[in-house]
Amino acid sequence: MRTTATHFLQILNSQLRHPTAITTTTTKMKLLYPNSLELDTASIRGFAPTLYEYDVHARIPDHLLDAEILVTWTNSAANLRDAKARMPNLRWIQSLAAGPNDVLGAGFDPRAVAVTTGSGLHDRTVAEHALGLLLNAARRFYEMRDYQLQGKWPGHLGGPQPDRAPGSFRTLRDARVTVWGFGNIAKTLTPHLVALGATVRGVARHRGVRNGIEVFGEDSLTELLPQTDALVMILPGDASTRHALAAERLALLPNHAWVVNVGRGSSIDEDALLKALEAGTIGGAALDVFDTEPLPEASPLWKAPNLIVSPHAAGGRPQGAEALIVDNLRRFLAGQQLRNAL
């Protein structure tokens with residue numbers, strides 16, 4: 001990386017004497033960007049690489065196999081495997097996804113090829129979706145819709161209602177919300193929860209105070225879960241988080257508590273969750289992510305009581321992608337540490 005940066009600086013130093021040198025030499029460096037979203041390429045042009053659009057569902061064209069930089073977004077597994085097998089000059093992959101699972105799954109080794117993620121690009125959209133799922137659960141919009149489709153008036157959901165009745169989750173005001181996985185998305189979500197009157201506590205690998213919210217270690221879950229009205233899960237998908245919420249921890253939740261998952265589907269034991277829903281030992285669940293996606297038609301989760309199915313819709317629209325690419329491109333050319341590097 002530093003060799004390229006040194007070379008680039010030498011070109012800049014000689015530009016006054018040879019104005020065409022930078023264009024002639026640096027156009028050999030190629031940056032491939034995906035056709036799966038609309039990027040403002042004008043804000044990226046002007047740096048050393050020449051930009052080329054590529055199809056994220058097809059093999060990399062032969063004339064682009066010598067590219068050094070690859071930007072990815074919703075690439076097919078076959079496309080990434082093809083890049084791994086046939087792009088020997090690749091030195092940096094900028095994923096626009098929050099996590100690098102697809103890139104690593106294709107066999108890329110961050111020790112050989114720099115891999116950076118789109119962490120931060122999905123904070124607002126995922127936080128907004130999580131808030132929507134919480135409000136859906138608390139105000140029973142999903143149940144109102146069910147009655148509407150039957151042409152029935154859900155009278156039990158209207159009219160005079162108990163205000164913040166103990167042992168219920170019907171409002172965010174005074175609700176005890178536990179956010180498990182306290183990163184950037186949680187920091188974006190929690191001010192909205194606090195503004196609506198919720199008491200928020202975080203759970204992460206490292207305890208502390210973040211943005212005014214007390215964050216507990218995972219060893220405190222046995223004390224926190226019984227005092228939780230809504231559990232929001234924003235965990236990454238890796239071996240350490242697989243089935244982090246299973247039967248033992250589900251049993252700690254009050255029978256009115258809701259589980260909202262906008263992290264990774266693998267973090268919940270879906271069989272254990274289904275049993276808890278059917279037994280009524282938790283209030284409900286709103287899931288945006290699943291172990292298998294799309295959720296198979298034969299899955300019993302479709303008809304589980306008090307389950308809201310969201311089709312991995314929380315993210316899907318990276319915001320500020322161009323600024324991240326430009327910042328990391330500057331760093332890459334200067335031989336500096338990249339943002340969101342693994």
Side-chain angles (χ1 to χ4, degrees), residues 123-145 154 156-204 207 209-218 220-235 244-245 249-263 267-268 273 276-277 280-289 304-310 314:
D123 297 350
R124 293 183 180 181
T125 55
V126 178
E128 182 178 75
H129 203 80
L131 179 61
L133 293 176
L134 283 166
L135 289 171
N136 192 345
R139 303 313 299 257
R140 301 301 195 264
F141 297 143
Y142 68 96
E143 192 174 348
M144 295 177 189
R145 177 65 173 173
H156 64 292
L157 298 175
Q161 299 285 327
D163 180 25
R164 289 163 285 172
S168 67
F169 177 53
R170 293 302 180 97
T171 177
L172 282 172
R173 186 175 180 186
D174 294 335
R176 301 165 300 176
V177 180
T178 301
V179 181
W180 188 0
F182 210 89
N184 291 332
I185 295 171
K187 292 175 185 176
T188 304
L189 171 64
T190 50
H192 300 287
L193 300 178
V194 171
L196 289 171
T199 298
V200 181
R201 293 174 296 187
V203 176
R207 64 183 70 247
V209 176
R210 305 181 193 177
N211 292 29
I213 302 296
E214 186 171 6
V215 178
F216 297 82
E218 293 183 346
S220 297
L221 281 167
T222 53
E223 291 79 37
L224 293 175
L225 292 180
Q227 304 171 36
T228 295
D229 298 312
L231 173 64
V232 180
M233 301 185 64
I234 321 178
L235 293 172
L245 185 65
R249 284 173 171 159
L250 281 165
L252 296 174
L253 289 166
N255 59 15
H256 67 274
W258 273 70
V259 174
V260 172
N261 190 9
V262 291
S267 64
I268 294 181
L273 178 68
L277 290 168
T281 55
I282 63 171
L287 308 179
D288 185 57
V289 287
N306 293 337
L307 176 66
I308 299 169
V309 173
S310 172

Closest contact, heavy atoms only, [X] versus [Y]:
| X | Y | result |
| --- | --- | --- |
| Ile213 | Val200 | CG2-O, 3.6 Å |
| Leu277 | Asn306 | CD2-O, 4.1 Å |
| His129 | Ser310 | NE2-OG, 2.8 Å |
| Phe169 | Ala137 | CE2-CB, 4.0 Å |
| Gly280 | Asn255 | O-CB, 3.6 Å |
| Leu133 | Ala286 | CB-CB, 4.0 Å |

So, the side chain of [X] versus the backbone of [Y]: is there a donor-acceptor pair under 3.5 Å, distance only?
| X | Y | value |
| --- | --- | --- |
| Asn136 | Tyr142 | yes |
| Thr178 | Leu231 | no |
| Thr228 | Ala230 | no |
| Asp229 | Arg176 | yes |

Would you check, one step at a time, whether the test side chain to side chain contact (heavy atoms under 4.5 Å, CB included) holds for Phe182 with Thr190?
CA-CA 10 Å; Phe182 210 89; Thr190 50; 3.7 Å; yes
Interatomic spacing from [atom1] in [X] to [atom2] in [Y] - rounded to 0.5 Å:
| X | Y | atom1 | atom2 | answer |
| --- | --- | --- | --- | --- |
| Met233 | Trp180 | CE | CH2 | 4.5 Å |
| Leu245 | Leu235 | CG | CG | 9.0 Å |
| Ile308 | Phe141 | CD1 | CZ | 10.0 Å |
| Leu196 | Leu131 | CG | CG | 6.5 Å |
| Thr125 | Ile185 | OG1 | CD1 | 7.5 Å |
| Asn211 | Asn184 | CG | CG | 9.0 Å |

Please report the C-alpha distance between Val215 and Val203 in whole Å, then the side-chain angles of each, then the deciding distance to 0.1 Å, and finally whether the side chain to side chain contact (heavy atoms under 4.5 Å, CB included) criterion is met.
CA-CA 5 Å; Val215 178; Val203 176; 5.8 Å; no
Measuring only between side-chain heavy atoms, which start at C-beta, is [X] closer than 4.5 Å to [Y]?
| X | Y | answer |
| --- | --- | --- |
| Leu253 | Val259 | yes |
| Val179 | Ile234 | yes |
| Arg201 | Ser220 | no |
| Leu252 | Leu221 | no |
| Ile282 | Leu273 | yes |

For residues 126-140, which residue pairs pass the salt bridge (charged side-chain N to carboxylate O under 4.0 Å, His left out) check, not counting sequence neighbours?
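Every pair satisfying salt bridge (charged side-chain N to carboxylate O under 4.0 Å, His left out) with a residue in residues 126-140: there are none.
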Leu172 vs Leu135, test: side chain to side chain contact (heavy atoms under 4.5 Å, CB included). Steps then yes/no.
CA-CA 8 Å; Leu172 282 172; Leu135 289 171; 3.7 Å; yes
How about His156 and Glu143: does a side-chain donor come under 3.5 Å of a side-chain acceptor?
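Checked: His156/Glu143 side chains pair up, N/O donor to acceptor below 3.5 Å.
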So with a 6.0 Å cut-off around CZ of Arg173, is the heavy-atom count from everything else above 12?
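No, the 6.0 Å shell around CZ holds no more than 12 heavy atoms from other groups.
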Should the heavy atoms of other residues, nucleotides or ligands under 6.0 Å from CZ of Arg124 be counted, would the total exceed 12?
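At most 12 heavy atoms, drawn from other residues, nucleotides or ligands, come within 6.0 Å of this atom.
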